[in-house]
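A, B, ... follow the sequence lines: proteins, then strands. Residue 1 opens every chain.
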Amino acid sequence: MRVRFAPSPTGYLHIGGLRTALYNYLLAKRHGGVFVLRVEDTDQTRFVADAEQDILDSLSWAGLSFEEGPGVGGAFGPYRQSERSARYKEVAEELVRLGKAYFAFDSSEEIEAMKGRHTTAENPTPRYDFNTRLEMVNSLTLSEADVKARLDRGDEFVVRLLVEPGQVVSFQDAVRGNVSFDSQAVDDQVLVKSDGLPTYHLANIVDDHDMQITHVIRGEEWLSSTPKHILLYNALGWSAPQMAHLPLILSPTGGKLSKRNAEKQGIPVSVQQYIQHGYEPGALLNFLALLGWNPGNDQEIMDLEEMASVFSLDRVGQAGVQFDLQKLSWFNEQYLRAKNTKDIAESVLPLVKDRFGDYSLGHVEGAVKLMIERMTFEKDILDAPYLFEAPTAYDEKSVQKRWKTDSSDLLTAFSSEFESLSSWDAASIEGCLKAKVERDALGLGSIMFPVRLSLTGEPSGPDLFGMMELLGKNEVLARMQKAANELR
RNA sequence: GCCGCGUUCGUCUAGGGGUCUAGGACGCUGCCCUUUCACGGCGGUAACACGGGUUCAAAUCCCGUACGCGGUACCA
């Protein structure tokens, strides 16, 4: 089994593209096959210089490694279509020779004019097809000599697929079953553009054939051009690979997850944006895998290996799926909590230093341990500034509501109690505090709240005693005293 | 318009004729845990698009309608 992910470097890798790559990867791993990356850069007008690098970087971040492709090589290279022009030309010529394709010399104005002539309410988008090709300037309407003369003269031309009406083109799709089209509805697709480069359709089938791709897994937007591909395979006497068209990822409101549409709803579209937001690659992959596929049981948290061990195309859904950012967040939380706190600390250390100054890895790890249950992203550690610096203000509402007349005195009293503590750890602090509460017959809340507020400035937060241990005795006493004075 | 694909809780889905008074997850929500908040645990909320068939029996099969999505480029 050989599969490929064939992105076009016309922009940064899209989240939907990553899912397509993932499904290809999973299928290959599941069957011990080969995963190929092929860059489909046949459109010079839409070429984006750093897009290929972005695709490479994004796949690498996600951990989707390929056995063959640009940079790593392979027996079927080159893997950039711009470097395979000669082969497409050869195949195009072969198709013309076989009478399956023809030269066309029409200018875009002439094509527009033809479309204008045929446009009606019932036929808003006329095609260049069996119905109209005989009114056009092509090797079907021109004499052989004329065609040769134009070619020799260097006139611009395109090569078009000759689609005969009256045939039914059908194929088995691995996720949709039998799909069939009437060839009448297929136009004489351009195979070679006037710049000499192939269109997607030609390059795609040539490469899939030459690279011995066995399974084509791509988005549903390709479903309606598949008959063209089947016709091409047939014309060349090649057998078509197994097709599998994935349901599209839709926006939460149902429409297409276009860049504009998505951004309006706060959904990142490029993988690069997910990286910047701090998503865990495993979480994103896990989420994406389940967007259109399921393992057939209730398991949701699965790493790449686990998914690869059970992946199959027949468990891929057929209906479009809506993107749910909240569920992605949940996945990210799950993955974050499964991570080693030291690793997280190491990764956020620069952020902490940048924001709060020079803290030790140990201190940051302690902060992470306190905060992990309430973080969605690693960077959320910054939402607890009080683990690094004294609060500069106290939450007004809480002060008004819960800061009692004796709170300051209590703070002072407990301060001196803590002062005498010989070992400063969460358990000792807790024991000390609770002992005094009992001795003085106080309510636990009457002291817990003032302490928390003095330490964090906020009415809620992570475990109080753990936090006190992390901050250290001096810092805790200083903050308590400060609040006692300021809020008196 | 035409062609294609699709349609189970708000969302992702299980389900492939009887075991479905339709299961799981996210979300929302109640209770419990608890020094707060969060986490967690235990509950709750909520769906077979509609209409015809076929069948003893349909969420499951067939047809139609509606709706959604995709395509209709010398873009991929």
Tell me the partner of [N], counting only Watson-Crick (N1-N3 plus N6-O4 or O6-N4) or G-U wobble (N1-O2 and O6-N3) with both under 3.5 Å; none if nothing fits.
N       : answer
rA66(B) : rU7(B)
rU54(B) : none
rC2(B)  : rG71(B)
rC39(B) : none
rU21(B) : none

Checking all strands, does [X] fall into the base, sugar-phosphate, or nothing category for heavy-atom contacts under 4.0 angstrom?
X         : answer
Phe465(A) : base
Ser194(A) : base
Ser8(A)   : sugar-phosphate
Gly461(A) : base

Grab the [atom1]-[atom2] distance between [X] and [N] for me, whole Å please.
X         : N       : atom1 : atom2 : value
Asn204(A) : rA76(B) : CG    : P     : 11 Å
Asp106(A) : rC74(B) : CG    : C1'   : 11 Å
Asp207(A) : rA76(B) : CG    : C1'   : 14 Å
Glu333(A) : rC39(B) : CD    : P     : 8 Å
His201(A) : rG71(B) : NE2   : P     : 12 Å
Ile429(A) : rU35(B) : CD1   : C1'   : 14 Å
Ile249(A) : rG70(B) : CD1   : P     : 13 Å
Phe331(A) : rC26(B) : CZ    : P     : 9 Å

Say you pick atom [atom1] in [N] and the same atom in [M]; how far apart are they, in whole Å?
N       : M       : atom1 : result
rC50(B) : rG6(B)  : C1'   : 16 Å
rG70(B) : rC31(B) : C1'   : 47 Å
rA58(B) : rG18(B) : P     : 11 Å
rC3(B)  : rA25(B) : C1'   : 37 Å
rG52(B) : rC12(B) : C1'   : 32 Å
rG68(B) : rC33(B) : C1'   : 45 Å
rU7(B)  : rC48(B) : C1'   : 10 Å
rA76(B) : rG40(B) : P     : 47 Å

I need the full list of ring pair (Phe, Tyr, Trp, His ring centres under 6.0 Å) pairs touching residues 243-262 of chain A, with sequence neighbours left out, sorted by first then second residue. none

Could you tell me if the ring centre of Phe323(A) sits under 6.0 Å from that of Phe287(A)? yes

Kindly state whether the ring of Phe311(A) and the ring of Tyr23(A) have centres lying under 6.0 angstrom apart. yes

Suppose we screen for salt bridge (charged side-chain N to carboxylate O under 4.0 Å, His left out). Which residues come up paired with [X], at least two apart in sequence or across chains?
X         : answer
Asp188(A) : Arg133(A)
Lys193(A) : none
Glu458(A) : none
Glu83(A)  : Arg80(A)

Would you please name every residue forming a side-chain contact (heavy atoms from CB on, under 4.5 Å) with Ser108(A), sequence neighbours left out? none

List for me each residue that meets side-chain contact (heavy atoms from CB on, under 4.5 Å) alongside Arg46(A), sequence neighbours excluded, and say none if there are none.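 By the side-chain contact (heavy atoms from CB on, under 4.5 Å) rule, Arg46(A) matches Thr10(A), Asp43(A).
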
Salt bridge between Arg439(A) and Glu417(A), side-chain N to carboxylate O under 4.0 Å? yes

Does Arg4(A) pair with Asp207(A) as a salt bridge, N-O distance under 4.0 Å? no

Nucleotide N/O to protein N/O under 3.5 Å, stretch nucleotides 45-47 of chain B:
none

For Tyr200(A) and for Gln334(A), locate the closest nucleotide of RNA chain B by heavy-atom distance; then report the residue assigned to the nucleotide nearer the 5' terminus. Gln334(A)

More 5' along RNA chain B: Gln318(A) or Glu221(A), using each one's nearest nucleotide? Gln318(A)

Using atom names, set out every protein N or O paired with an N or O of nucleotides 8-15 of chain B below 3.5 Å, distance rounded to 0.1 Å.
| from | atom 1 | to | atom 2 | distance (Å) |
| --- | --- | --- | --- | --- |
| rC12(B) | OP1 | Gln322(A) | N | 2.9 |
| rC12(B) | O2' | Leu290(A) | O | 2.8 |
| rU13(B) | OP1 | Gly292(A) | N | 2.9 |
| rU13(B) | O3' | Asn294(A) | ND2 | 2.9 |
| rA14(B) | OP1 | Asn294(A) | ND2 | 2.7 |
| rA14(B) | O3' | Arg315(A) | NH2 | 3.3 |
| rG15(B) | OP1 | Arg315(A) | NH1 | 3.3 |
| rG15(B) | OP1 | Arg315(A) | NH2 | 3.1 |

Indicate whether OP1 or OP2 belonging to [N] is found under 4.0 Å from a side-chain N or O atom of [X].
X         : N       : answer
Arg337(A) : rC39(B) : no
Lys115(A) : rA73(B) : yes
Thr42(A)  : rA76(B) : yes

May I have the step-by-step check of side chain to side chain donor-acceptor pair (under 3.5 Å) for Gln265(A) and Ser251(A), ending in yes or no? CA-CA 8 Å; Gln265(A) 308 189 54; Ser251(A) 105; 3.2 Å; yes

Can you list every side chain to side chain donor-acceptor pair (under 3.5 Å) pair that touches residues 282-297 of chain A, not counting sequence neighbours?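 Applying side chain to side chain donor-acceptor pair (under 3.5 Å) to every pair that reaches into residues 282-297 of chain A, excluding sequence neighbours, yields Asn286(A)-Tyr335(A), Asn294(A)-Arg315(A).
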
Among the nucleotides rG23(B), rU35(B), rG1(B), which one has an atom lying closest to any side-chain atom of Asp298(A)? rG23(B)

For Phe5(A), what residues pass the ring pair (Phe, Tyr, Trp, His ring centres under 6.0 Å) criterion, not counting sequence neighbours?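 Counting only residues at least two positions away or on another chain, Phe5(A) forms no ring pair (Phe, Tyr, Trp, His ring centres under 6.0 Å).
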
Taking only N/O atoms, report every protein-nucleotides 2-4 of chain B pair under 3.5 Å with atom names and distance.
none

Taking N and O atoms by type only, does the side chain of Arg46(A) place a donor or acceptor under 3.5 Å from a partner on the base of rC75(B)? yes

